[in-house]
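Note on naming: letters A, B, ... go to the chains in the order of the sequence lines (proteins, then strands), and numbering restarts at 1 for each one.
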Number of protein chains: 2
Amino acid sequence: MTKIIRTEMKEKTPEIFDDVKKIFISYLEQNAHRKTPERFTILKEIYALDGHFDIETLYIKMKNNNFRVSRATLYNTMDLLINSNLVVKHQFGQNSSLYEKSYKFKQHDHLICLDSEEMFEFCDPRIQEIQKSLEAMFKVQITHHSLTFYCVKNTEKEKKTKK
Amino acid sequence: MTKIIRTEMKEKTPEIFDDVKKIFISYLEQNAHRKTPERFTILKEIYALDGHFDIETLYIKMKNNNFRVSRATLYNTMDLLINSNLVVKHQFGQNSSLYEKSYKFKQHDHLICLDSEEMFEFCDPRIQEIQKSLEAMFKVQITHHSLTFYCVKNTEKEKKTKK
DNA sequence: TTCATTGCAAAGCGTTTGCACGTTC
DNA sequence: GAACGTGCAAACGCTTTGCAATGAA
């Protein structure tokens, strides 16, 4: 599996779950969504995970913890969490999407090695400058972005198509 | 359908197909792939298209032109063309991939409006600077990147999840 | 002749949908 | 009580795979 190298240590996860829960409640109330126990259980499970995860992994984890949950509910809840800015979604390959908790975790982009199983995370302030330029040029408000660089360590004869 | 606004006009497509064909032949020979008529027909069809397209669109277009082709061959050939640097692949949503001819067409990134059907293209030199920094920092060679900004024109109450 | 490539159809797989039941408001 | 949310299974849609036939080297 993919080894992830983080360029900066993340702060120890304190009791941020209370904060996160409040934010989620506020979002649900403001948008007239119901506060079901499933939604809070899913949020809690996600904030107990580190790094990227996919729906299947989350599903298995919850099943192992004896929570009765369906994939459909997981997908629905992810949308709510993304809109609450509590989770970010990445689509690196063409396969499954990867998700990641985002509250109090620094926004970062990715550098993916094509000839090894490594993925690096980085944060470059120049991306914010580009964003400002675009907002001024196109007269829009940018909500988020996705930036991924792909690299090789060794020179390869023919690039393997990423599965 | 998505309206695409280009920030700079592309040069008129001259007889670049000869160049492109030579590059493809060279790639096929260097990698011991066969030079089948299907591959060249697909290449020609792609270079007759403008902007983004998906496999289904290309498939229909070729069927309409009375070419006997299968989707499987289209997918296989796209991989070869991507490795030849004659085509780039975008994965904006989580649905189908979009492809685009790339030879002699300026590398660009995208700005996607979430509350309209517009997509802008832009090219910012600062992205190259970020790339250089990353190559030095991680001691790798970057082959390509994907950068997409998402924006809104109007303030929206609840973000619609992109289909 | 050999075996990579092709078209076709079926399979694969992540995600979405339909529906009856349960639960929040 | 009304209607939103849930679990389950089936459906969906893009992509890949299996296989016999074709044809490039």
In whole angstrom, give the distance that lies between atom [atom1] of [X] and atom [atom2] of [N].
X      : N       : atom1 : atom2 : result
Y59(B) : dT6(C)  : OH    : C1'   : 13 Å
Y99(B) : dC14(D) : OH    : C1'   : 10 Å
R39(A) : dC25(C) : CZ    : C1'   : 13 Å
N31(A) : dT24(C) : CG    : P     : 20 Å
L98(B) : dC14(D) : CG    : C1'   : 12 Å
K63(B) : dT6(C)  : NZ    : P     : 14 Å
L74(B) : dC8(C)  : CG    : P     : 11 Å
N76(A) : dT6(D)  : CG    : P     : 7 Å

Subject >> V69(A) vs I55(B), nearer the 5' end of DNA chain D by closest nucleotide >> reply: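 So the residue in question is V69(A).
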
Original post:
Passes side chain to side chain donor-acceptor pair (under 3.5 Å), Q30(B) versus S26(B)? Steps please.
Top reply: CA-CA 6 Å; Q30(B) 280 175 28; S26(B) 164; 3.2 Å; yes

**OP:** Kindly state whether the ring of Y99(A) and the ring of H90(A) have centres lying under 6.0 angstrom apart.
**Re:**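 They do not qualify: ring centres at least 6.0 Å apart.
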
**OP:** Flag the pair Y47(A) / F17(A) as yes when their ring centroid distance falls below 6.0 Å, and as no otherwise.
**Re:**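 Judged by ring-centre distance (under 6.0 Å), Y47(A) and F17(A) do not meet the cut-off.
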
Residue-phosphate contact under 4.0 Å: [X] side-chain N/O, [N] OP1/OP2:
X      : N       : result
Y75(B) : dT16(D) : no
H33(A) : dG5(D)  : yes
R68(A) : dC8(D)  : yes
S97(B) : dT15(D) : yes

Closest to the [X] side chain, choosing from [options]:
X      : options                  : result
S70(B) : dA9(D), dT15(C), dG7(C)  : dG7(C)
T73(A) : dT6(D), dC8(C), dT15(C)  : dT6(D)
P37(B) : dA24(D), dT15(C), dG7(D) : dA24(D)
T36(B) : dT16(C), dT6(D), dT6(C)  : dT6(C)
R34(A) : dG7(D), dC3(C), dA2(D)   : dA2(D)

Subject >> Mutual orientation of the aromatic rings belonging to F92(B) and H52(B) [parallel < 30°, tilted 30-60°, perpendicular > 60°] >> reply: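 Perpendicular.
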
Subject >> Parallel, tilted or perpendicular: ring planes of F24(B) versus Y27(B), cut at 30 and 60 degrees >> reply: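 Judged by the thresholds at 30° and 60°, the geometry between F24(B) and Y27(B) is parallel.
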
